[in-house]
Q: 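Dropping the structure in here first, questions after.
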Amino acid sequence: MRLTSLLAGLIAAVFATTASAQDAWLSDKSAPDAFPIAGAEILYSKDDFPVVGLAAQDLRDDLGAVTGKSPSLSTGKPGGRTAIVVGTLGKNPLIDGLARDGRLQVGDLAGAWESFVIAVVDKPAPGLDRALVIAGSDRRGTAFGVYELSRATGVSPWTWWADVKPQKKKALYVAADARRFGPPSVQYRGIFINDEDWGLQPWAARTFDPAHGDIGPRTYEKVFQLLLRLKANTLWPAMHEVTRPFNADPANAALADRWGIIMGSSHAEPMLRNNVGEWKAGAEAFNYAANPGGVLDYWRERAKSNGRYENVYTLGMRGIHDSGMVGGGDIDGQRALLEKIITDQRGLIAQYVDPKVETVPQVFTAYKEVLDIYRSGLKVPGDVTLVWPDDNFGYIRQLPSPEERRRPGGSGVYYHLSYLGAPLSHLWLSTVPPALVIEEMGRAWDLDARKLWVVNVGDIKPAELGTQLFLDMAWDVARVRALGAHGYEGGFARETFGAGRAKAIAAILAEHHQLNFERKPEHLQWFWGKGSTPRSSPLSVAQADARLARFDALVAKLGVEAAKIPAGQRDAWFELVDYPVRAAALANHRFFDAEAFDRLIGERPVEARVRAARARAADAEIAALTRRFNEEIAGGKWRGIMSVEPADGSWTSFRQRPFTAPAADATAPRLAPAPVEDEGLVVIEAETASGQGWRRIDGLGRGGASMAAGDVREPSQAGGALDYAVTLPEGSWALELDLLPTFPLNGQTALRLAVSTDGGAPVSVAAPRKVGDKAWAQGVTDGRLRIGSGVTVCGGKRAVRVTSVDPGVVVDALVFRPAGACKP
Ligand code: REL
């Protein structure tokens with residue numbers, strides 16, 4: 001073999017090794033040729049981007065935390081025999097020299113987006129025996145490389161934000177072969193800080209940055225660092241009235257730039273503005289039909305002041321806050337106005353950012369009513385990214401059609417792990433299950449929504465797991481999908497608390513997500529909206545007690561694990577596991593014990609009073625637990641970060657009613673108990689089927705799994721069948737289906753499938769889907785849509801077949817409801 005082809009083969013072999021945080025390329029055991037981290041100083045170039053120096057400082061501190069000895073850090077000549085050299089191609093003479101001489105194989109790194117190589121190089125420079133080189137394709141590529149090394153040594157991305165302490169290691173060795181990371185699956189990936197009134201803002205104002213008295217540069221710097229640790233690059237900043245606008249202090253944007261973070265703004269805030277704080281002329285004047293000059297000047301000001309930074313520009317227009325656009329008249333008029341607005345906004349971008357406007361990242365987020373305007377035929381320039389929203393509860397409303405998938409600007413997703421709005425907010429414990437995030441974002445990926453993913457994380461805590469999942473997926477979608485929800489929970493537990501306890505902790509997290517998917521702790525109320533009549537749940541005491549028993553078993557497991565958590569990990573344990581799991585369990589006790597009082601007080605007053613006392617105790621325990629979070633955890637670091645939902649009297653129509661306990665001497669129910677539903681049902685879990693053309697989703701739906709129809713990329717290949725052999729007691733049974741409240745993917749307005757029994761003709765079943773209607777509200781609070789099929793069968797052995805019509809429909813269960821006597 002000729003030497004050149006041998007070399008080419010070697011290079012190919014080297015670059016076949018693409019790696020991720022979970023790969024064992026770093027070990028605490030020595031191996032031949034491995035590079036020992038101990039004793040190596042960190043070198044970077046003073047000519048590199050500022051974020052490289054910031055990341056290098058973090059690496060020094062992280063290695064210090066892991067090994068007990070911080071390495072030295074320098075921009076000068078090497079001081080020792082080994083070094084960790086970090087730098088960006090074109091910005092670090094040592095790295096550029098090694099690449100030029102072929103001693104560092106950079107392959108196609110130059111010009112790649114956010115990519116990096118980690119390689120060991122012998123004799124890289126006079127005086128240096130060996131170096132571990134982290135070379136980035138661009139400024140964030142280098143920073144991500146540095147944080148990748150940190151994470152591989154055992155430093156969690158949440159080391160500061162959730163007090164996760166790394167395990168101490170005496171020595172660390174990096175495998176000698178080179179590894180190539182990136183580019184990320186999704187180009188722009190980030191978070192939206194929202195509804196910060198009850199956590200992040202009061203905490204920042206009172207505890208973390210009292211001198212500033214608000215979320216300001218000090219807090220944002222911590223957010224930027226977190227984003228880089230999570231390999232994210234984009235932020236939509238806090239925008240509620242309680243917080244001063246991000247750009248009110250120019251230090252914020254300057255700091256974002258230092259950290260290499262790309263700034264955007266929410267769906268309601270075009271052109272990096274914050275309307276609630278910055279628009280002074282009154283809501284009526286925020287009208288492009290009536291006041292185009294005033295509004296355009298307002299946008300112009302920001303394009304002028306911030307155009308020099310890396311931004312993603314939100315285009316279009318809504319009302320001042322989360323409301324419809326003022327002006328334009330009917331939907332046709334609104335569409336015409338929006339098209340004019342987009343043209344004019346792009347004019348500003350061309351003028352102040354780059355005349356080649358199509359090269360500047362811009363997004364159009366079709367959120368709430370804007371999706372209707374878009375669907376009516378709005379023309380969005382091809383280079384603008386179309387950002388599809390979920391319904392605020394984790395179900396993506398629409399994804400691109402084949403035609404939209406061909407647009408050069410591509411698509412993205414705006415997703416929620418937290419939400420303030422109708423029918424009921426979910427602001428407290430962040431319980432959107434990992435399996436739903438993986439399923440929904442996986443579909444988005446399959447249908448080419450890969451340009452920008454932004455997730456609403458509320459006020460960050462306690463949305464850590466969901467946030468990390470969303471961003472890990474945005475970095476490497478295939479890896480996370482291959483893990484699935486349970487694999488991911490296991491990995492999170494291992495990375496955060498160590499391998500020894502990972503299995504047990506992952507099981508706790510899985511059961512927590514399962515139970516709270518069936519009803520969120522913020523949705524323990526079965527009525528919503530202004531003018532609706534308060535009523536109790538439709539659960540009998542026995543049904544509710546079965547749910548409470550599952551929570552009790554979960555809390556018992558939590559107690560067993562809690563006892564094993566070492567002192568150094570207790571804060572992280574409390575913040576990431578103990579508080580959310582325990583608080584959700586207590587919220588259920590508070591609610592269902594009080595309801596048991598209502599249902600029992602007439603007939604069994606003694607028992608009813610015991611239940612009332614339990615409800616009061618659960619309420620007091622939630623308060624005590626939350627006080628502990630705010631006052632004791634991490635020595636008082638999180639004072640003000642956590643409020644129990646509903647936190648105060650604001651936005652009442654969107655929020656669960658404050659809990660009122662039955663008084664000790666009460667003799668009447670607080671609420672007249674509603675009739676009990678769903679008794680005597682025969683429920684068959686969808687995943688017990690045999691058949692083909694469907695995919696099992698573990699961790700999603702009641703019973704632990706559900707079945708998804710077909711492949712969303714192949715709409716024509718529907719028709720897969722699920723077969724069930726069911727034995728029903730005597731009598732007549734109406735067949736109903738429990739579907740996940742997802743949305744049709746193919747422009748349909750309903751989820752469609754078909755059922756047949758005993759080999760008979762298939763009967764079409766459809767669940768109409770419309771955000772805002774009663775079925776939708778019920779679907780997102782119940783975590784399911786229960787729909788009739790029109791099919792009734794007599795008891796005995798029955799064969800039931802469920803056939804897919806549209807791909808993507810997810811079936812959770814088959815439900816047989818008693819329907820009287822059998823009339824064959
Ligand atoms: O979740 C959203 O995107 C919106 O609901 C927010 O923009 C809005 O601020 C909401 O929290 C309150 O109205």
Side-chain angles (χ1 to χ4, degrees), residues 113-114 140 183-194 227 230-237 261-272 310-316 318 342 345-346 349 358-368 370-371 373-375 378 380-392 394-417 437-457 466-467 469-477 480-481 712-713 743 745:
W113 178 261
E114 296 180 351
R140 281 184 296 275
S185 299
V186 176
Q187 190 174 7
Y188 298 99
R189 317 165 300 283
I191 65 169
F192 174 25
I193 296 174
N194 194 212
L227 288 174
L230 290 164
K231 297 209 199 72
N233 58 15
T234 304
L235 178 68
W236 291 1
I261 294 299
I262 303 162
M263 290 306 301
S265 50
S266 75
H267 48 80
E269 304 171 296
M271 302 297 287
L272 303 170
E310 217 183 337
N311 300 308
V312 174
Y313 293 87
T314 290
L315 302 186
R318 300 189 66 219
I342 291 173
Q345 288 168 334
R346 283 162 67 80
I349 293 173
E358 64 287 351
T359 63
V360 179
Q362 298 152 65
V363 296
F364 177 78
T365 305
Y367 186 65
K368 287 190 180 166
V370 183
L371 183 59
I373 305 177
Y374 176 76
R375 282 172 174 167
L378 184 85
V380 178
D383 59 278
V384 174
T385 303
L386 290 176
V387 177
W388 306 100
D390 70 348
D391 62 352
N392 301 313
Y395 305 95
I396 300 174
R397 294 183 63 180
Q398 186 169 330
L399 283 164
S401 65
E403 199 186 347
E404 285 158 339
R405 285 160 69 182
R406 286 191 285 274
R407 300 172 65 262
S411 283
V413 175
Y414 168 42
Y415 197 78
H416 285 76
L417 292 175
V437 176
I438 296 174
E439 176 62 19
E440 290 290 302
M441 298 316 295
R443 287 173 183 216
W445 168 262
D446 284 342
L447 296 176
D448 293 336
R450 304 174 176 189
K451 190 80 177 176
L452 171 136
W453 287 8
V454 171
V455 62
N456 186 324
V457 297
T467 305
L469 166 64
F470 185 91
L471 294 172
D472 275 352
M473 208 171 161
W475 175 262
D476 186 349
V477 77
V480 175
R481 287 178 98 181
V712 297
R713 288 162 300 192
F743 286 88
L745 291 159

Q: Taking C-beta and beyond as the side chain, do Leu235 and Ile193 meet within less than 4.5 Å on heavy atoms?
A: yes

Q: Within a strict 4.5 Å, meaning less than it, do heavy atoms of the Val477 and Arg450 side chains meet?
A: no

Q: Look at the aromatic rings of Tyr414 and His267 and report parallel, tilted or perpendicular, splitting at 30° and 60°.
A: tilted

Q: Rounded to the nearest 0.5 Å, how far apart are CE of Met263 and OG1 of Thr234?
A: 9.0 Å

Q: Mind checking the CG-CG spacing from Leu227 to Leu471? Nearest 0.5 Å is all I need.
A: 7.5 Å

Q: About how many Å separate CZ of Arg397 and CG of Asn392, when rounded to the nearest 0.5 Å?
A: 8.5 Å

Q: Is there a donor-acceptor pair under 3.5 Å between the side chain of Arg140 and the backbone N or O of Ile261?
A: no

Q: For the residue pair Trp388 and Leu447, establish whether any side-chain heavy-atom pair is separated by less than 4.5 Å.
A: no

Q: Can you name the closest pair of heavy atoms from Pro389 and Ala366 and give their distance?
A: CG-O, 3.0 Å

Q: Can you tell me if Thr385 uses its side chain to pair, donor with acceptor, with the backbone of Gly409 under 3.5 Å?
A: yes

Q: Can you tell me how far apart CH2 (Trp475) and CD (Glu114) are? Round to the nearest 0.5 Å.
A: 6.5 Å

Q: Any side-chain heavy atom of Arg481 sitting closer than 4.5 Å to one from Asp446?
A: yes

Q: Run Met271 and Ile349 through side-chain contact (heavy atoms from CB on, under 4.5 Å) and show every step you take.
A: CA-CA 9 Å; Met271 302 297 287; Ile349 293 173; 4.0 Å; yes

Q: Which atoms form the tightest heavy-atom contact between Pro237 and Gly264, and what is the distance?
A: CD-O, 3.2 Å

Q: Nearest heavy-atom pair of Pro270 and Ser265: which atoms, and what distance?
A: C-OG, 4.4 Å

Q: Give the C-alpha distance, both sets of side-chain angles, the deciding distance and a yes or no for side-chain contact (heavy atoms from CB on, under 4.5 Å) between Thr365 and Trp236.
A: CA-CA 13 Å; Thr365 305; Trp236 291 1; 4.1 Å; yes

Q: Give me the atom names and distance for the closest heavy-atom approach of Ile342 to Leu315.
A: CG2-CD1, 3.9 Å

Q: How long is the span from the CG atom in Leu386 to the CD atom in Glu404, to the nearest 0.5 Å?
A: 6.0 Å

Q: Could you tell me whether a side-chain N or O of Arg189 sits under 3.5 Å from a main-chain N or O of Gln187, the two making a donor and an acceptor?
A: yes

Q: Quick one: does Leu417's side chain get under 4.5 Å of Val437's, heavy atoms only?
A: yes

Q: Are side-chain heavy atoms of Lys231 and Pro184 found at a separation under 4.5 Å?
A: no

Q: Please report the closest heavy-atom contact between Val363 and Val384, naming both atoms and the distance.
A: C-CG1, 3.9 Å

Q: To the nearest 0.5 angstrom, please state how far the CD atom of Gln362 sits from the OH atom of Tyr313.
A: 9.0 Å

Q: To check you understand the geometry: which heavy-atom pair defines the closest contact between Tyr415 and Gly394, and what is its length?
A: OH-O, 2.8 Å

Q: Which word best sums up how the rings of Tyr374 and Phe364 line up, parallel for under 30°, tilted for 30 to 60°, or perpendicular for over 60°?
A: tilted

Q: Hey, which of Val186, Leu469, Ile396 is the one that makes side-chain contact (heavy atoms from CB on, under 4.5 Å) with Met441?
A: Ile396

Q: I'd like to know whether the aromatic ring centres of Trp453 and Phe470 sit less than 6.0 Å apart in this structure.
A: yes

Q: Are Glu269 and Thr314 side-chain neighbours, meaning at least one heavy-atom pair lies under 4.5 Å?
A: no

Q: Under 30°, 30 to 60°, or over 60°: which ring-plane class applies to His416 and Tyr367, parallel, tilted or perpendicular?
A: parallel

Q: Quick one: are Arg407 and Val380 in side-chain contact, heavy atoms under 4.5 Å?
A: yes

